[in-house]
Amino acid sequence: MQFHPASLAEPWWKRGVVYNLYPCSYMDTNGDGWGDIAGIRARLDHLVGLGIDAIWMSPVYVSPMKDFGYDVVDHTAVGAQFGTLAEMDGLIADVHARGMKLMIDFVPNHTSDQHPWFLESRSSRDNPRADWYLWRDPASDGGPPNNWRSLFGGSAWAWCEERGQYWYHAFLAEQPDLNWRNPAVAHAQHDVMRFWLARGIDGFRVDAMWHLLKDPHWRDNPPNPDFRPGEPAIRQFLQIRTADLPETVEVVCGLRRVLDEFPDRAMIGELYLDYDRMCAYYGPTSDGCNLPFNQHLIMDPWRAEVVARGIETYEAALPAGAWPNWIFGNPDNPRVASRLGPAQARVAAVFLLTARGTPILWQGDELGLENGVVPPERVRDPQEKREPGLVDHNRDIARTPMPWDGSRFAGFSTVEPWLPLTEDHATVNVAAEEADPRSMLTLHRRLIALRRAHPALAIGAVTVLCGANDVLAFERRHGTEVFVVALNLAHAPRTVALPPAAGGRIALTSGLDRGGESVGETLCLGPDEAVVIAVAG
């Protein structure tokens, strides 16, 4: 598990692999059908065996769970359904003892409507915390003050009788947005960060980072000329007044200054933006977010020319000293194996774990899990409940419980889990795939081991060689060590001229075959095949 000495100078968040762990669905130890901290501790060795360097864990704060932990009542306490603060301390120690890092979700944009801050704020316009949230008088007709919409459907304004005003909520009405233009709010949230950093947390994934500031003049969002029926209602308007305001980067740099009070910590930022705007969040001198989320592998078509152009656009947009990242899945979007199909999901895994940048792996993708099937009566996702039937917008389908074995409840629980298990959990599970030398789990383990063993794959430079005829190829280089990665994004064979790979040998393929095969200037790729070629070093 040691890195090549040449890579040790780089921080862990550059050279390592991050695993997005969803506590509700990882492992249940108390028989209530929900995952818990004790379950995470019990299954850490799976992540060690996979080769993970850092865990990013979704929220376990005190919460009424209207949005599954992203509606926080107490930022410095653990919800009873997950465990205790002492168990959280034990988890931090266990993770560190295994040579890994632990990052947690930080939710600075909003709180629960049951948070003490909000209860005070809504009580009167004279309360000391009256200006901690976004309040606005009604429009002249008594309705909402402008056309701002919630990402979960409907108006983003909720009425408060006590104040005779509306409060703004980018998500659920039960998740009022904080006023980050108030220095007292920033100070309080910075102290939340310090609380967890002092306990040994290695960093944060910052939720809804691009939403932190809103237009101070409360202007309407303009209509979206590209809106199409069937899309979420939020897309009827361009969110230029409610998200990604340029001055948001200043807030992010403030978060970074708190982070830098503690050594060797990192920050991931949730964003859904184009490359130029995304890269702005690194900060003007790389003094902002360490890893602003690059969600383009989720947002963009999986086509060779698109991904090749994306790599080059991304690299050109990066500020000096900034480091890229890539992600194929998260708890808010359909799974990669369902979006691309199982065969291309293996190709995608090769890309994720050989591309230049930190790979962020979503829980279960290492098994090739596909979307769950959630009948209407078992839907939990508040977004789906408010706007049912939207294509690819039921978040439950990506959050189904982790299948550990082929038993009735997949080794996740002793009772029916909070969400249905995947329909094929009897065969697609950790135990079955550990015993299969050609499984998706085996592929991920071998890819991560290869990445760990070779600085060129972990921290090397990248050059795009091909992005046409369904073939994506790129070179990774560090010192004298050179690898060429070629991916066939088609379901039919492809042949590609790759002179830079001539004289190399295949180190790994998505099919876990052809190992050691020599390569000439022309490479033949089978359907849905990706190869990693060791050229020099």
Side-chain angles (χ1 to χ4, degrees), residues 3-20 51-56 100-103 106 202-206 209-210 249 252-253 255-257 259-260 262-298 307-308 310-328 330 351-362 447-448 450-452 454-464 474-479 481 483 485:
F3 283 93
H4 189 287
S7 71
L8 289 176
E10 297 290 352
W12 58 268
W13 51 269
K14 283 190 177 182
R15 64 183 187 249
V17 179
V18 177
Y19 186 91
N20 179 189
I52 295 302
D53 300 277
I55 299 166
W56 147 37
M100 298 185 291
K101 305 289 186 179
L102 183 62
M103 308 177 78
F106 174 47
D202 298 290
F204 303 98
R205 177 268 197 180
V206 181
M209 179 179 277
W210 79 117
V249 176
V252 173
C253 290
L255 301 180
R256 173 66 178 273
R257 288 191 290 273
L259 197 76
D260 286 348
F262 298 79
D264 203 25
R265 312 298 168 97
M267 176 169 53
I268 300 170
E270 185 191 19
L271 304 166
Y272 286 88
L273 299 171
D274 64 30
Y275 286 109
D276 284 342
R277 286 304 308 152
M278 176 183 74
C279 287
Y281 284 78
Y282 284 102
T285 57
S286 293
D287 56 349
C289 186
N290 302 99
L291 297 172
F293 253 165
N294 169 19
Q295 309 264 25
H296 280 269
L297 295 175
I298 295 174
V307 181
I311 295 170
E312 293 177 332
T313 302
Y314 194 10
E315 291 288 337
L318 286 170
W323 184 249
N325 67 92
W326 296 92
I327 179 169
F328 266 106
N330 63 33
F351 177 85
L352 181 68
L353 293 165
T354 60
R356 179 179 184 262
T358 301
I360 302 172
L361 181 62
W362 165 231
L447 281 166
I448 293 173
L450 190 69
R451 182 185 181 91
R452 280 178 170 272
H454 297 284
L457 294 174
I459 60 169
V462 65
T463 302
V464 175
F474 53 91
E475 178 188 88
R476 300 294 312 281
R477 180 183 293 268
H478 182 80
E481 189 175 60
F483 282 81
V485 181

K.L.:
If you round to the nearest 0.5 Å, how far is CD1 of Ile459 from NE2 of His478?
P.N.:
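Taking NE2 in His478 and CD1 in Ile459, the distance rounds to 4.0 Å.
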K.L.:
Using modelled atom types only, decide if a donor and an acceptor are shared between the side chain of Asp202 and the backbone of Leu102 within a distance under 3.5 Å.
P.N.:
yes
K.L.:
Working to the nearest 0.5 Å, report the span between CG of Leu450 and CG of Leu353.
P.N.:
10.0 Å
K.L.:
Got a second to check how far Met103's CE is from Phe204's CZ, nearest 0.5 Å?
P.N.:
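Between Met103 CE and Phe204 CZ, I get 8.5 Å after rounding to 0.5 Å.
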K.L.:
Is the closest side-chain heavy-atom distance between Trp13 and Val18 below 4.5 Å?
P.N.:
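Of all side-chain heavy-atom pairs linking Val18 with Trp13, none is under 4.5 Å.
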K.L.:
Please answer whether the main-chain N or O of Gly51 pairs with a side-chain N or O of Arg452 as donor and acceptor at a distance below 3.5 Å.
P.N.:
yes
K.L.:
For Arg265, give me all partners under side chain to side chain contact (heavy atoms under 4.5 Å, CB included), at least two apart in sequence or on another chain.
P.N.:
Leu197, Leu259, Phe262
K.L.:
Test Met278 against Tyr314 for side chain to side chain contact (heavy atoms under 4.5 Å, CB included), laying out the working first.
P.N.:
CA-CA 9 Å; Met278 176 183 74; Tyr314 194 10; 3.3 Å; yes
K.L.:
Is a side-chain donor or acceptor of Asp287 paired with a backbone partner of Cys253 at a separation under 3.5 angstrom?
P.N.:
no
K.L.:
Taking the side chain as C-beta and beyond, is there a heavy-atom pair between Val252 and Met267 under 4.5 Å?
P.N.:
yes
K.L.:
Hey, does Asn330 have a side-chain heavy atom less than 4.5 Å from the side chain of Gln295?
P.N.:
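They are in side-chain contact.
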K.L.:
Can you find a pair of side-chain heavy atoms, one from Pro292 and one from Met209, that are under 4.5 Å apart?
P.N.:
no
K.L.:
Would you say the side-chain atoms of Arg476 pair up with the backbone N or O of Leu457, donor to acceptor, closer than 3.5 Å?
P.N.:
yes
K.L.:
Can a donor-acceptor pair be found, under 3.5 Å and without considering hydrogens, that links the side chain of Trp12 to the backbone of Asp264?
P.N.:
yes
K.L.:
Just wondering, do Asn294 and Pro324 contact through their side chains at under 4.5 Å, heavy atoms?
P.N.:
no
K.L.:
Donor-acceptor pair, His296 side chain versus Ile327 backbone, under 3.5 Å?
P.N.:
no
K.L.:
For the pair Arg15 and Asp53, find out whether any cationic side-chain nitrogen is under 4.0 Å from an anionic carboxylate oxygen.
P.N.:
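Answer for the salt bridge query: no.
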K.L.:
Under 3.5 Å, is there a donor-acceptor pair between the Trp323 and Thr358 side chains?
P.N.:
yes
K.L.:
Against Ile360, only a single residue in Phe293, Phe328, Trp326 fulfils side-chain contact (heavy atoms from CB on, under 4.5 Å); can you say which?
P.N.:
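Of the listed residues Phe293, Phe328, Trp326, the side-chain contact (heavy atoms from CB on, under 4.5 Å) partner of Ile360 is Phe293.
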